[in-house]
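So the structure is just underneath, and the comments pick up after that.
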Amino acid sequence: MKILIIGNGGREYALGLRLLADTAKHNLFFAPGNGATTRLGKNIKFNNLNELALWAKDNAIELTIVGGEEPLSAGVVDIFKSYGLEIFGPSKAAARLEASKVFMKDVLTRAGVRTAKHISTNDIAQADKFIDEQAAKNRNVVVKADGLCAGKGVIIAKSADEAKNAVRQMLSENSFGVAGSRVVIEEYLDGFELSFFAICDGERFSSLPVAQDHKRLLDGDEGPNTGGMGAYAPTPLASTELIKKIEKDVIAPTLKAMKELDCEFCGVLFAGIMVVDNEPIVLEFNVRFGDPECEVLMPLIDGELADGLAAAARGELVEFKIKKAYAVGVVIASQNYPYGASEPAKITEPAEREGAYIDYARVSDDKSALMATGGRVCVCVGVAPSIQEAANNAYLLAGDVKFKGAKYRKDIAYQVL
Ligand code: AMP
Ligand code: GLY
């Protein structure tokens with residue numbers, strides 16, 4: 001198949017690498033791709049999504065897969081479909097599940113799905129009242145900007161004052177631009193987090209192995225939030241019973257509500273779930289694969305991935321087959337991540353190791369070597385029959401990746417090891 005993958009991260013690299021493991025031969029194109037995706041296919045430059053759709057039409061692309069939320073929220077699926085192109089992902093209307101936390105909460109309420117007790121408002125007095133009510137019950141709150149803020153719009157407040165300040169910053173000082181013109185304030189939930197992924201065709205879904213991300217920069221979940229410093233799957237923290245509960249009480253009713261709202265959901269539904277007393281409570285929805293979760297899910301998918309995603313895009317979902325194995329992904333980041341830019345640094349690529357490989361993200365190709373360009377540079381993925389072996393494989397490889405300022409967490413999967 002001729003397949004176009006939109007994006008430039010480790011997630012898109014992992015999708016490409018996995019597609020090349022299909023028995024069917026594929027021709028891959030990445031738009032825009034990164035300095036290493038050229039090893040898997042061809043990188044395509046584009047100025048806007050309409051131009052990219054025209055290019056796809058001219059080049060007889062048979063399937064397009066969208067990595068990130070930005071093109072989805074900008075309506076890439078609607079644009080490609082208007083040219084009669086097959087594309088895997090939600091429409092602009094359905095992508096609001098991630099693009100607007102207010103919309104997401106409305107859908108959850110309609111669907112009867114459990115989520116943190118919350119209000120959404122643009123009124124400071126109303127916000128203060130909710131915060132004071134929670135404080136009176138000795139409960140902390142979390143303040144969230146409404147729109148897409150690349151993970152920066154969530155403040156976990158340690159006191160009522162801190163929460164009120166966050167609300168003021170988001171509403172009156174416009175620190176998040178339009179994204180913060182409304183806020184969601186919700187009760188703080190204490191439990192463990194899961195990343196739950198369902199491939200959806202508008203009506204039906206097929207669940208993937210349950211993953212855990214590690215959002216904080218440092219070992220022991222210390223330091224600032226990041227895009228994710230590592231992940232593993234499947235996690236034994238998700239029992240069969242809990243998975244059934246999430247499918248029945250979260251995914252199925254959400255798909256039904258989306259259909260009733262005339263924005264049926266096709267693509268990857270990624271539920272960020274907090275498990276409290278064995279009950280799944282939805283923290284957020286994303287409308288795409290997680291990064292680095294995608295990197296540990298791809299090696300676990302059996303069968304023909306391209307056929308599976310194309311069938312879902314056509315509304316003809318077939319259940320995904322999953323391998324009996326575990327994957328652990330360790331993110332290697334640049335010196336100043338996530339605080340700021342880092343000097344480009346030459347990467348010494350390691351020799352191959354059994355049971356492990358690298359998905360590249362923030363790299364450019366300097367002809368003689370790959371350069372780390374700053375941010376989350378690559379993910380070392382280990383795959384094995386146990387989590388411990390998978391982690392060992394990933395860490396042996398991570399230790400071999402050399403560039404100035406390289407850093408990574410040493411405790412990925414610690415919750416289960
Ligand atoms: P979100 O973008 O909504 O997923 O929030 C980012 C992160 O903030 C989540 O992965 C959680 O670790 C944390 N978080 C968000 N909402 C809550 C909540 N209600 N209670 C506790 N932690 C939360
Ligand atoms: N790893 C979390 C995300 O992709 O949003």
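Note that the numbering runs from 1 along the sequence shown for the chain. Just so you know, ligand 1 is whichever comes first in the structure, and atom 1 is the first atom listed for that ligand. In this text the structure is predicted, and so the values were computed from the model without any measurement.
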**OP:** Just say parallel, tilted or perpendicular for the rings of His214 and Tyr414, cut-offs at 30° and 60°.
**Re:** perpendicular
**OP:** Using heavy-atom distances, let me know which of Leu189, Asn225, Ile156, Ile273 sits nearest atom 20 (N) of ligand 1.
**Re:** Leu189
Original post:
Considering residues, nucleotides and ligands other than Glu133, do more than 12 of their heavy atoms fall under 6.0 Å from its CD?
Top reply: yes
Subject >> Subset of ligand 1 atoms that lie under 4.0 Å from at least one heavy atom of Val142 >> reply: 16 (N), 17 (C), 18 (C), 19 (N), 20 (N)
**OP:** Return the residue, atom name and 0.1 Å-rounded distance of the protein heavy atom closest to atom 2 (C) of ligand 2.
**Re:** Asp213 OD2, 3.4 Å
Subject >> Close approach, Gly228 and ligand 2, non-hydrogen under 4.0 angstrom >> reply: no
Original post:
Any N/O of Glu293 closer than 3.5 Å to an N/O of ligand 2?
Top reply: yes
Original post:
Looking at Gly227, which atoms of ligand 2 are within less than 4.0 Å of one of its heavy atoms?
Top reply: 1 (N), 2 (C)
Subject >> Nearest heavy-atom neighbours spanning Ala390 and Val328 >> reply: CB-CG2, 3.8 Å
Subject >> Within-4.5 Å side-chain heavy-atom neighbours: Glu247 and Phe205 >> reply: yes
Subject >> Other residues, nucleotides, ligands: >12 heavy atoms within 6.0 Å of Lys137 NZ >> reply: yes
**OP:** Have a look at Lys117, Glu284, Glu193 and point out the one with the heavy atom closest to atom 12 (O) of ligand 1.
**Re:** Glu193
Subject >> Check ion pair Arg376-Asp359 (N to O, under 4.0 angstrom) >> reply: no
**OP:** May I ask you to say whether Glu69 pairs ionically with Arg288, meaning some side-chain N is under 4.0 Å from a carboxylate O?
**Re:** yes
Original post:
Can you list the atoms of ligand 1 that are under 4.0 Å from a heavy atom of Lys215?
Top reply: 10 (O)
Original post:
In ligand 1, which numbered atoms sit nearer than 4.0 Å to a non-hydrogen atom of Glu186?
Top reply: 16 (N), 17 (C), 18 (C), 19 (N)
Original post:
Should Glu86 and Arg314 count as an ion pair when the cut-off is N to O under 4.0 Å?
Top reply: yes
Original post:
Hey, is ligand 1 close enough to Tyr188 that some N/O pair sits below 3.5 Å?
Top reply: no
**OP:** If you have a sec, work out which protein heavy atom is nearest atom 5 (O) of ligand 2 and how many Å separate them, to one decimal?
**Re:** Arg288 NH2, 3.0 Å
Subject >> Atoms in ligand 1 with a heavy atom of Lys144 nearer than 4.0 Å >> reply: 3 (O), 15 (C), 16 (N)
Original post:
Relative to the heavy atoms of Glu187, which atoms of ligand 1 are at a distance of less than 4.0 Å?
Top reply: 18 (C), 19 (N)
Original post:
Near Met274, which atoms of ligand 1 are under 4.0 Å from a heavy atom of that residue?
Top reply: 21 (C), 22 (N)
Original post:
Any idea which heavy atoms bring Ile246 and Pro280 closest together, and the distance?
Top reply: CG1-CB, 3.7 Å
**OP:** Give me the ring orientation class for Tyr13 and Tyr360: parallel if the planes are under 30° apart, tilted from 30 to 60°, perpendicular past 60°.
**Re:** perpendicular
Original post:
Does ligand 2 have any atom sitting under 4.0 Å from a heavy atom of Gly272?
Top reply: no
